[in-house]
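These numbers were taken from a predicted model, which means no experiment stands behind them. Within every chain, numbering begins at 1; the chains are lettered A, B, ... in the order of the sequence lines, protein sequences first and strands thereafter.
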2 protein chains.
Amino acid sequence: MTFEKYDFGVVGAGGAGLAGAMYGARLGLKTVIFGASNANELPIGGLITTAHAVRNYPGILSASGLGIAKKIEEHARDYDLVTIKQEKVLKIEKKKDCFEIKTTKGNYKISAVLLATGRRIRKLDVPGSMKLEGRGVSYCALCDAPLYKDKVVAVVGGSDSAAIESLVLSEYAKKVYIIYRGKAITPEEIHLKEIKMNKKIEIITNTNVVEIKGKDYVESIILDKEYNGKKELKLDGIYAAIGNIPISELAKELGVKLNKNQEIVLDHATSGTSVAGVFAAGDVTNKSFKQLIIGVAEACTAAHSAFEYVSEMKMKQCEK
Amino acid sequence: MTFEKYDFGVVGAGGAGLAGAMYGARLGLKTVIFGASNANELPIGGLITTAHAVRNYPGILSASGLGIAKKIEEHARDYDLVTIKQEKVLKIEKKKDCFEIKTTKGNYKISAVLLATGRRIRKLDVPGSMKLEGRGVSYCALCDAPLYKDKVVAVVGGSDSAAIESLVLSEYAKKVYIIYRGKAITPEEIHLKEIKMNKKIEIITNTNVVEIKGKDYVESIILDKEYNGKKELKLDGIYAAIGNIPISELAKELGVKLNKNQEIVLDHATSGTSVAGVFAAGDVTNKSFKQLIIGVAEACTAAHSAFEYVSEMKMKQCEK
């Protein structure tokens with residue numbers, strides 16, 4: 001078997017992975033990024049590419065999620081030491097002081113690994129949700145909000161993401177319900193204000209969606225309690241923003257310590273994990289405040305720690 | 001005594017402080033930043049403003065230090081909840097669940113504090129250095145490298161900063177010595193390569209500068225060992241890049257735990273310190289890898305933690 005050899009292997013080509021690769025290259029590490037590793041078949045750039053507008057990345061006043069991902073990608077590609085591979089990582093094994101990575105297209109020997117695999121979107125699990133996915137059931141308002149011009153839609157969830165989805169949808173739809181199981185939605189203050197001022201948006205709390213009905217397309221949803229005297233709510237589309245799940249299967253197989261939410265337990269000072277030579281960054285970690293800027297910085301710290309690790313291991317690493 | 005009241009008080013208007021304020025405002029905190037707090041009389045933006053070029057802030061391919069600071073400042077000023085005060089903080093006291101801050105111009109009551117005070121440049125401590133400061137002895141190549149067109153200069157130090165200073169100077173000077181007490185300089189790989197290829201730059205290791213001579217301007221320096229047969233080196237300018245010192249006096253007075261280097265000991269997961277309600281970020285902390293992107297992200301984490309702290313304390317905080 002032949003192996004391509006790199007000093008630093010980054011699994012995941014979201015904002016964190018791309019930034020970590022750039023820093024690795026600055027530190028002289030021959031670096032490979034594996035994109036589309038395990039994720040939602042997103043383009044290079046990861047989940048942030050589904051964001052309508054990013055206004056909280058310090059130094060960039062406003063950009064689309066895709067736009068900001070492109071800037072970070074361009075930054076990584078600016079270094080000759082960085083190679084981006086659109087390959088899915090199937091397995092990572094630690095062999096002595098070297099990691100062997102098998103992808104859909106090849107085999108690699110890597111001295112230090114950065115897991116920046118991010119998170120995948122959590123899907124609605126009620127009758128009708130699978131059948132009607134792409135036919136009124138959606139997970140990305142940004143992707144298809146314009147389809148709902150002058151129609152009625154619902155967003156399921158109470159997080160900041162749910163709030164943003166509802167605001168995006170309100171630019172097209174004539175009515176947007178936010179349906180949340182808890183007693184009050186919890187978006188960022190700035191979004192809460194916008195929602196309160198937006199006459200198209202109506203919030204239904206303490207309520208769950210139990211079924212989605214429709215022949216070819218979504219026609220209505222069934223709630224677990226009455227709203228305005230009825231359990232059935234007629235609408236044309238339903239967006240779920242009910243969270244996302246860390247993509248940590250490869251980490252688990254490698255023996256990296258995870259918390260109960262299956263997030264990688266990070267040494268926040270060094271971006272190290274419980275396995276020597278394995279670093280992590282971004283939304284797959286247990287950092288409680290998940291933001292692009294924070295994942296990016298974690299990855300830069302990881303690159304520096306990987307550089308120190310590789311320097312120390314120089315005598316005994318992968319035969320080269 | 002009258003007090004202005006804020007939820008979130010940021011001490012230091014460098015990249016970290018400005019980014020933290022922006023995030024605080026996004027989270028609905030009424031935020032004040034005190035610039036020029038304790039620092040080197042730098043403009044808003046802090047030490048990064050002295051950087052020739054910043055190419056390692058992910059998403060911004062290349063900008064001057066001043067340019068990137070301006071972008072982050074503009075981002076902070078975009079929020080009505082942010083007030084920037086060009087006042088020096090003289091004292092911070094914790095009174096029950098409220099901090100009282102006294103500045104050169106006023107008095108403030110603050111619910112949560114972010115210390116983003118950064119670092120000050122370490123000065124050369126040899127005979128002649130004080131007398132000739134600004135007359136050939138300098139701490140900022142970017143500021144006055146053009147003055148040394150076709151002249152001979154030296155940079156003291158072996159760090160990445162020293163390397164960058166020497167590269168900047170080589171664009172003007174005809175000869176640049178790097179004088180370092182250690183056995184090999186330790187810049188980033190990318191800068192080391194540039195130095196090796198640069199014929200104007202000559203490295204003198206295992207050597208200290210012990211005196212700077214000159215009547216009105218620098219004329220020569222004295223080394224502690226011979227170089228090319230002489231201890232005296234004729235030159236026109238000497239730049240010191242011998243490190244910098246955390247500005248942590250206010251933190252110390254507040255009872256915040258420092259390490260032996262006088263850096264604030266940070267809880268890297270939350271950006272908290274040993275004192276409840278006091279958060280820290282940027283170059284004043286004990287994070288080993290000091291980079292703009294990392295300080296900025298620490299400050300964003302701090303703003304989020306301050307938001308949670310203020311929410312929890314709402315019942316008992318400063319009478320409002």
Side-chain angles (χ1 to χ4, degrees), chain A residues 15-16 18-23 25-29 54-63 67-76 78-79 81 188-193 266-271 285-289 291-305 307-308, chain B residues 15-16 18-23 25-29 54-63 67-76 78-79 81 188-193 266-271 285-289 291-305 307-308:
Chain A
L18 292 164
M22 183 271 278
Y23 251 86
R26 286 187 67 83
L27 293 162
L29 301 176
V54 177
R55 297 188 207 278
N56 61 4
Y57 191 86
I60 298 178
L61 194 60
S62 182
I68 209 162
K70 283 273 170 227
K71 282 175 196 278
I72 302 177
E73 179 187 349
E74 179 195 3
H75 209 156
D78 197 45
Y79 291 81
L81 281 172
E188 276 192 37
E189 199 61 31
I190 200 165
H191 297 133
L192 189 59
K193 271 192 194 146
L266 202 67
D267 173 349
H268 299 286
T270 64
S271 294
T285 80
N286 65 339
K287 180 93 179 191
S288 65
F289 193 40
Q291 300 281 291
L292 178 60
I293 185 70
I294 288 170
V296 161
E298 281 171 350
C300 297
T301 297
H304 185 249
S305 298
F307 166 73
E308 291 187 334
Chain B
L18 291 164
M22 182 271 277
Y23 251 85
R26 286 187 68 82
L27 293 162
L29 300 177
V54 178
R55 298 188 207 278
N56 61 4
Y57 190 87
I60 298 178
L61 194 58
S62 181
I68 209 162
K70 283 274 171 227
K71 282 176 197 278
I72 303 177
E73 179 186 348
E74 179 195 5
H75 209 155
D78 197 45
Y79 290 81
L81 281 173
E188 277 191 37
E189 201 60 33
I190 199 165
H191 297 134
L192 188 60
K193 270 189 196 150
L266 202 67
D267 173 348
H268 298 286
T270 64
S271 294
T285 79
N286 64 339
K287 180 93 179 189
S288 66
F289 193 39
Q291 300 282 289
L292 179 61
I293 186 69
I294 288 171
V296 161
E298 281 171 349
C300 298
T301 298
H304 185 250
S305 298
F307 165 74
E308 290 186 333

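Taking CD1 of I60(A) as the start and OH of Y57(B) as the end, the distance is 7.5 Å to the nearest 0.5 Å. A distance of 8.0 Å separates CZ in R26(B) from CZ in R55(A), rounded to the nearest 0.5 Å. Taking CG of N56(B) as the reference point, atom CG of L27(A) lies at 9.5 Å (rounded to 0.5 Å). Here C300(B) contributes atom SG and L292(A) contributes atom CG; the two are 10.5 Å apart, rounded to the nearest 0.5 Å. To the nearest 0.5 Å, atom CG of residue D267(B) and atom NE2 of residue H268(A) are 8.0 Å apart. Taking NZ of K287(B) as the start and OG1 of T301(A) as the end, the distance is 3.0 Å to the nearest 0.5 Å.
In this structure, H75(B) contributes its side chain and S62(A) its backbone to no donor-acceptor pair below 3.5 Å.
Ranked by heavy-atom pairs shorter than 4.5 Å toward chain A, the options E74(B), H304(B), E298(B) are led by H304(B). With chain B as the partner, the residue from T270(A), I190(A), L192(A), L18(A) showing the most heavy-atom pairs under 4.5 Å is I190(A). With chain B as the partner, the residue from K71(A), E188(A), K70(A) showing the most heavy-atom pairs under 4.5 Å is E188(A).
Both the backbone and the side chain of I293(B) come within less than 4.5 Å of a heavy atom in chain A.
For the pair P58(A) and M22(B), the tightest heavy-atom approach, listed with the atom from each and the gap, is CG-CE, 3.8 Å.
For an aromatic pair to be called close, the ring centres must be under 6.0 Å apart, and F307(B) with F289(A) fails this.
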